A.B. asks: 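Sharing a structure with you now.
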Amino acid sequence: MNVKRGLMRLWVVASGLWIIFIGFLMYDEVMKPYVSGRGYYFRKDISTARQQAEQEKSRASTAWLNYHINTPDGFSYSMTGSSGDDAARRVLAASETINVVKEPVMVERYTEPYRLLEEGITRGVSERIDVGVPDTLLFVGKSEPEAVKTQQAKDVYEVASKARNLAASKKRTEALKSAAWLAFVPVAIIFALGFLILWIARGFRNR
């Protein structure tokens with residue numbers, strides 16, 4: 001029997017079957033990588049109120065702090081104030097303005113910020129808009145003019161499309177690396193072990 005040739009053919013067939021198996025196993029992760037759902041919203045421009053608070057802080061005799069404020073619509077802001085109530089009052093007063101910042105805020109589904117956005121829907125002060133990107137929603141106040149909602153949906157579509165494609169591309173690259181590792185490293189290890197065993201076995205042969 002030609003043991004060496006037989007083992008080589010066995011390794012080739014087994015390696016091919018293993019690589020095909022890994023291909024089936026990793027197909028969905030490579031071709032259709034999972035990207036978690038996302039929500040977007042546009043903060044109101046409260047920079048003027050923040051500047052005023054900073055000026056009052058510099059003249060105050062007591063310590064002022066920076067507070068994280070959530071409005072009834074679930075939108076999140078940062079504001080300086082003499083207390084949490086003072087900061088919340090400043091944010092609520094400033095958020096009555098029409099102007100919004102240019103860049104939307106992104107939050108991932110199943111997180112606390114996303115839950116707060118959904119609470120705004122429950123309270124009836126905001127609504128969800130499907131922007132045309134899979135698993136992507138725009139959260140906007142119900143009182144906003146239709147023209148503002150339409151423009152925000154267009155802006156989010158562009159931002160969300162790029163973000164989703166980038167996230168999918170990154171996960172696809174990671175999946176390809178994992179697939180290559182799983183497919184070829186075990187095959188190479190088995191080949192090396194087989195070669196080593198045959199080399200040792202040849203040492204016991206009579207010349």
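Predicted model, so just to flag it, every value in this text is computed and none were measured.
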A.B. asks: Arg128 versus Phe139: any side-chain heavy-atom pair under 4.5 Å?
C.D. replies: yes
A.B. asks: With a 3.5 Å cut-off and no angle check, do the side chains of Ser78 and Asn66 form a donor-acceptor pair?
C.D. replies: yes
A.B. asks: Any chain of hydrophobic side-chain contacts (each under 4.5 Å) joining Ile129 to Val148?
C.D. replies: no
A.B. asks: Going by heavy atoms in the side chains, are Trp11 and Phe195 under 4.5 Å from each other?
C.D. replies: no
A.B. asks: Just do the side chain to side chain contact (heavy atoms under 4.5 Å, CB included) check on Glu108 and Thr111 with the steps written out, would you?
C.D. replies: CA-CA 6 Å; Glu108 289 196 3; Thr111 61; 4.1 Å; yes
A.B. asks: Assess the residue pair Val100 and Asp45 against the criterion (side chain to side chain contact (heavy atoms under 4.5 Å, CB included)); give the C-alpha distance rounded to whole Å, side-chain angles, the decisive distance to 0.1 Å, and a yes or no.
C.D. replies: CA-CA 5 Å; Val100 297; Asp45 185 2; over 6 Å; no
A.B. asks: Search all heavy atoms of Ala175 against all heavy atoms of Val30 and return the closest pair with its distance.
C.D. replies: CB-CG2, 3.8 Å
A.B. asks: Which heavy atom in Leu182 sits nearest to a heavy atom in Ile22, and how many Å separate them?
C.D. replies: CB-CD1, 4.0 Å
A.B. asks: Side chains of Ile19 and Phe184: does their closest heavy-atom pair fall under 4.5 Å?
C.D. replies: yes
A.B. asks: Compare all side-chain heavy atoms of Lys142 with those of Ser126 and state whether any distance is below 4.5 angstrom.
C.D. replies: no
A.B. asks: Name all residues meeting the salt bridge (charged side-chain N to carboxylate O under 4.0 Å, His left out) criterion together with Arg109; count only those two or more places apart in sequence or in a different chain, and write none if there are none.
C.D. replies: none
A.B. asks: At what distance, to the nearest 0.5 angstrom, does CD1 of Ile46 lie from CG of Asn99?
C.D. replies: 12.5 Å
A.B. asks: Does the Thr173 side chain pair with the main chain of Ser169, one donor and one acceptor, at a distance under 3.5 Å?
C.D. replies: yes
A.B. asks: What's the shortest heavy-atom distance between Val156 and Leu138, and which atoms?
C.D. replies: CG2-CD1, 3.8 Å
A.B. asks: Would you list the pairs meeting side-chain hydrogen bond (donor to acceptor under 3.5 Å, both in side chains) in which at least one residue belongs to residues 175-185, sequence neighbours left out?
C.D. replies: none
A.B. asks: Can you find a heavy atom in the side chain of Leu117 that is under 4.5 Å from one in the side chain of Val107?
C.D. replies: yes
A.B. asks: Before accepting this row, confirm whether a basic side-chain N of the pair Arg123/Glu119 lies closer than 4.0 Å to the acidic partner's carboxylate O.
C.D. replies: yes
A.B. asks: Should the pair Asp85-Arg89 be classified as a salt bridge under the 4.0 Å nitrogen-to-oxygen rule?
C.D. replies: no
A.B. asks: Assess whether a salt bridge exists between Arg115 and Glu112, defined as any Lys/Arg side-chain N lying under 4.0 Å from an Asp/Glu carboxylate O.
C.D. replies: yes
A.B. asks: Once rounded to the nearest 0.5 Å, what's the spacing between atom CD of Gln52 and atom CE of Met79?
C.D. replies: 9.0 Å
A.B. asks: Please confirm whether the backbone N or O of Glu158 pairs with a side-chain atom of Ser161, one donor and one acceptor, at under 3.5 Å?
C.D. replies: no
A.B. asks: Is Ile190 reachable from Met8 through a run of I, L, V, M, F, W or Y residues, each pair having side-chain heavy atoms under 4.5 Å apart?
C.D. replies: yes
A.B. asks: Would you say Val12 and Trp18 are hydrophobically clustered, going by side-chain heavy atoms of ILVMFWY under 4.5 Å?
C.D. replies: yes
A.B. asks: Is any NZ, NE, NH1 or NH2 atom of the basic residue among Glu144 and Lys44 found under 4.0 Å from an Asp or Glu carboxylate oxygen of the other?
C.D. replies: yes
A.B. asks: Would Val140 and Phe42 count as a side chain to side chain contact (heavy atoms under 4.5 Å, CB included) if you check the C-alpha gap in whole Å, the side-chain angles of each, and the deciding distance to 0.1 Å?
C.D. replies: CA-CA 8 Å; Val140 61; Phe42 285 85; over 6 Å; no
A.B. asks: What verdict does the side chain to side chain contact (heavy atoms under 4.5 Å, CB included) test give for His68 and Asn70, after you've listed the backbone C-alpha separation in whole Å, the side-chain angles of each residue and the deciding distance to 0.1 Å?
C.D. replies: CA-CA 7 Å; His68 184 75; Asn70 294 314; 3.7 Å; yes
A.B. asks: Gln55 and Gln51: side chain to side chain donor-acceptor pair (under 3.5 Å), yes or no, with the steps?
C.D. replies: CA-CA 6 Å; Gln55 292 174 358; Gln51 291 172 2; 5.8 Å; no
A.B. asks: Is there a path of hydrophobic side-chain contacts, each under 4.5 Å between heavy atoms of I, L, V, M, F, W or Y residues, that connects Ile20 with Leu10?
C.D. replies: no
A.B. asks: Report yes if the distance between the aromatic ring centroids of Tyr157 and Tyr40 is under 6.0 Å, otherwise no.
C.D. replies: no
A.B. asks: So, for Leu92 and Pro72, which heavy atoms are closest and what is the spacing to 0.1 Å?
C.D. replies: CD2-CD, 3.8 Å
A.B. asks: Has the side chain of Arg43 got a donor or acceptor atom that lies under 3.5 Å from a matching backbone atom of Ser76?
C.D. replies: yes
A.B. asks: Looking at side-chain heavy atoms only, is the closest gap between Asp135 and Arg38 below 4.5 Å?
C.D. replies: no
A.B. asks: Show the nearest heavy-atom pair for residues Thr80 and Ala53, with the distance to one decimal.
C.D. replies: O-CB, 3.5 Å
A.B. asks: Checking Lys149 against Glu127 for the salt bridge (charged side-chain N to carboxylate O under 4.0 Å, His left out) test, could you report, in this order, the C-alpha distance in whole Å, the side-chain angles of both residues, the deciding distance, and whether it holds?
C.D. replies: CA-CA 10 Å; Lys149 296 178 183 179; Glu127 62 180 291; 2.5 Å; yes
A.B. asks: Going by heavy atoms in the side chains, are Val131 and Leu137 under 4.5 Å from each other?
C.D. replies: no
A.B. asks: Can you tell me how far the CD1 atom of Ile197 sits from the CG atom of Leu193, to the nearest 0.5 Å?
C.D. replies: 6.0 Å
A.B. asks: Please check if Leu176 and Met31 belong to a single hydrophobic cluster, counting links between Ile, Leu, Val, Met, Phe, Trp and Tyr side chain heavy atoms closer than 4.5 Å.
C.D. replies: yes
A.B. asks: Under 4.5 Å between any side-chain heavy atoms of Glu56 and Arg90, yes or no?
C.D. replies: yes
A.B. asks: Tell me the closest heavy-atom pair linking Ala94 and Ala49, and the distance in Å.
C.D. replies: CB-CB, 3.7 Å
A.B. asks: Does Lys171 come within less than 4.0 Å of Glu174, counting only side-chain N to carboxylate O?
C.D. replies: no
A.B. asks: Any chance you could pull the hydrophobic cluster mates of Trp64, using side-chain heavy atoms under 4.5 angstrom and chaining through other members?
C.D. replies: none
